[in-house]
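Worksheet: one structure, shown below.
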There are 2 protein chains.
Amino acid sequence: MARPRTQGPQTREKILDVALELFVQYGYDKTSLRDIAERLGITKAALYYYFERKEDILMELHLRLHAMGSEVLDELEAVPDGPARIAAFPAMLERLVVTMVGNRQLILLHRRNQSALEALHSDERNRVENEDLQRRLVRILSSEEISLTLRVRVACAIGAITETFFESGDAFGDVEPEELADLVRDVISDLLGSQLAAAAPRL
Amino acid sequence: MARPRTQGPQTREKILDVALELFVQYGYDKTSLRDIAERLGITKAALYYYFERKEDILMELHLRLHAMGSEVLDELEAVPDGPARIAAFPAMLERLVVTMVGNRQLILLHRRNQSALEALHSDERNRVENEDLQRRLVRILSSEEISLTLRVRVACAIGAITETFFESGDAFGDVEPEELADLVRDVISDLLGSQLAAAAPRL
DNA sequence: GTCTATATTTCGATAGAC
DNA sequence: GTCTATCGAAATATAGAC
């Protein structure tokens, strides 16, 4: 709290790094700007040079995950609903595995701060142009072109991924990530295999 | 705000009902005691007749879910680790399905307020004697008596349940709960079937 | 770009009357 | 058992110097 730093533009990234870590560990609401500033060796006021509001820090972190999730969903939504999209599910789930494994912290931020993030969205200042990812997924899973059985199984596959890598991830801490990922891939195959064959025999 | 009510002891339950609803909808941190009181037509101060601290309201709601979850885990932990416990997994998962379907709001409270609930635990005032449910589950899934494949599949089954009924539940809003539950049961069978046979051929 | 100092607001919690 | 009134703490945010 003594000396100025004149750190240049990478300070903004450092703020986001520290904020992500603290938001995941203690939660957005229980992390004060003072906590973030102290960890960085600057003062609360300095944060306001980079972010107008505390919410903007959360928002920027949210947008990074949102961008990644959007890529996955964009690709899926580009395929017409029906058999073609069914055939595209495995690739989507594979991307999901890779994305989730490679972005643990951002995923945890969302899983542990759901209400804070939802409050962001309903805030008119932070009007998010895009539809929420979860809502887009729900729409995809609501398709009337796809059998209920398959829709449920795709949902189950997603749940399998998140549970294995996050909620119960601690149980597999000493397993190689790739080995774990392969086991989850087997699960996904088991869940969708027969259904894909039944739904699109010619693909 | 105007008239006293002299409501008797059911007021405490009403407070918990309203709090649960608001905590789920807006999150624990963004729900003030004033919000709860106004919804009930009483004042903030009246709440303190029933609960010493705001945290105590959350704690009581938490304990209700904890009790239910403990029943399920107690039963599983009563079975010795190894083949016998493996054989007990399907019954545990079935209880989980029933419990989750029958206690939507309480489950949502936990899923949407993870960090607030974790803060409760580390608070010495609210020292929870029991180990956290998630930690107990992780321990069960960390068993060295069970193949990694099966451990992962049990985790996946749990994820399948939660994703279908909660995260992506909106996609199945117009499906009969029992039909949905049956589809999830099929998924669980597919996930564990071959593994159970391989692990405990004589059971 | 960071500081000190302070304004502003919100909220949990308490005191004491009825 | 509920109220009015108020306290005290904490946190976000701002003003202005350096």
Side-chain angles (χ1 to χ4, degrees), chain A residues 1-19 22-23 25-62 113 115-117 119-120 122-126, chain B residues 1-19 22-23 25-62 113 115-117 119-120 122-126:
Chain A
M1 240 87 56
R3 63 210 193 290
R5 293 280 195 88
T6 317
Q7 298 218 38
Q10 73 274 33
T11 302
R12 191 186 166 87
E13 277 307 312
K14 287 188 190 165
I15 292 171
L16 288 167
D17 281 350
V18 168
L22 296 179
F23 290 170
Q25 185 165 11
Y26 303 107
Y28 172 76
D29 290 290
K30 295 204 169 43
T31 301
S32 69
L33 294 176
R34 196 171 144 275
D35 294 334
I36 298 172
E38 267 180 10
R39 176 78 74 102
L40 287 162
I42 60 178
T43 61
K44 225 175 23 169
L47 295 176
Y48 282 90
Y49 179 81
Y50 297 96
F51 297 93
E52 283 190 21
R53 289 171 291 269
K54 183 190 179 189
E55 286 189 339
D56 293 345
I57 302 178
L58 181 61
M59 191 60 170
E60 183 142 336
L61 292 170
H62 162 71
N113 293 280
S115 31
L117 283 160
L120 265 197
S122 57
D123 192 337
E124 54 192 319
R125 265 201 315 261
N126 292 316
Chain B
M1 252 97 49
R3 62 207 193 292
R5 293 279 195 88
T6 318
Q7 299 218 38
Q10 72 274 32
T11 303
R12 191 185 165 88
E13 276 308 311
K14 285 189 190 163
I15 293 172
L16 289 167
D17 281 351
V18 169
L22 295 179
F23 290 169
Q25 184 165 11
Y26 302 109
Y28 172 75
D29 290 290
K30 296 205 168 42
T31 301
S32 68
L33 293 176
R34 196 170 144 274
D35 294 332
I36 298 172
E38 269 181 7
R39 177 77 73 101
L40 287 162
I42 60 178
T43 61
K44 218 176 30 167
L47 296 176
Y48 282 89
Y49 179 80
Y50 297 97
F51 297 93
E52 282 190 22
R53 289 172 291 270
K54 182 191 180 189
E55 284 189 340
D56 292 346
I57 302 178
L58 181 61
M59 193 57 172
E60 183 143 337
L61 292 170
H62 162 71
N113 292 280
S115 31
L117 282 160
L120 264 198
S122 56
D123 191 337
E124 52 192 319
R125 265 202 315 263
N126 292 315

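All chains are named by letter (A, B, ...) in the order of the sequence lines, taking the proteins before the strands, and each is independently numbered beginning at 1.
Cation-pi geometry between B:Lys14 and B:Tyr50 is not satisfied (NZ or CZ under 6.0 Å from the ring centre, within 45° of the ring normal).
One atom, CZ of A:Arg53, and another, P of D:dA11, lie 20 Å apart when rounded to the nearest Å. Remark: P of D:dC3 and CZ of B:Arg34 are 14 Å apart, rounded to the nearest angstrom. Distance NZ (A:Lys54) to P (C:dT9): 19 Å, rounded to an integer number of Å. Note: CG (A:Asp35) to P (D:dA11) measures 7 Å, nearest angstrom. Distance A:Leu33 CG to D:dA13 P: 7 Å, rounded to the nearest Å. The nearest whole Å value for the distance from the CG atom in B:Leu47 to the C1' atom in C:dG12 is 11 Å. Counting to the nearest Å, the P atom of D:dA11 and the CD atom of A:Glu55 are 16 Å from each other. For B:Phe51 and C:dT14, the CZ to C1' distance is 18 Å, given to the nearest whole Å.
When the shell of 6.0 Å around CD of A:Gln25 is examined, it contains more than 12 heavy atoms from other residues, nucleotides or ligands.
At a threshold of 4.0 Å, the pair A:Lys30-B:Asp29 counts as salt-bridged, since one of the basic side-chain nitrogens sits closer than that to a carboxylate oxygen. The pair A:Asp56-A:Arg53 meets the salt-bridge criterion, since a charged nitrogen lies less than 4.0 angstrom from a carboxylate oxygen.
Nearest to the side-chain atoms of A:Ala46 among the listed nucleotides D:dT2, C:dA13, C:dT2 stands C:dT2. Which of C:dC3, D:dG1, C:dC11 sits closest to the side chain of A:Ile42 comes down to C:dC3. Candidate nucleotides D:dT12, C:dG12, C:dT2 were compared by shortest atom distance to the side chain of A:Tyr48, and D:dT12 ranks first. Nearest to the side chain of B:Thr43, among D:dT2, D:dC3, C:dG12, sits D:dC3. The nucleotide whose nearest atom lies closest to any side-chain atom of B:Ala45 is, among D:dT4, D:dT12, C:dC11, D:dT4.
Here the closest non-hydrogen pair linking A:Lys44 and A:Arg34 is CG-N, 3.8 Å.
Comparing A:Lys44 and A:Tyr49 against DNA chain C, the residue whose closest nucleotide sits nearer the 5' end is A:Tyr49.
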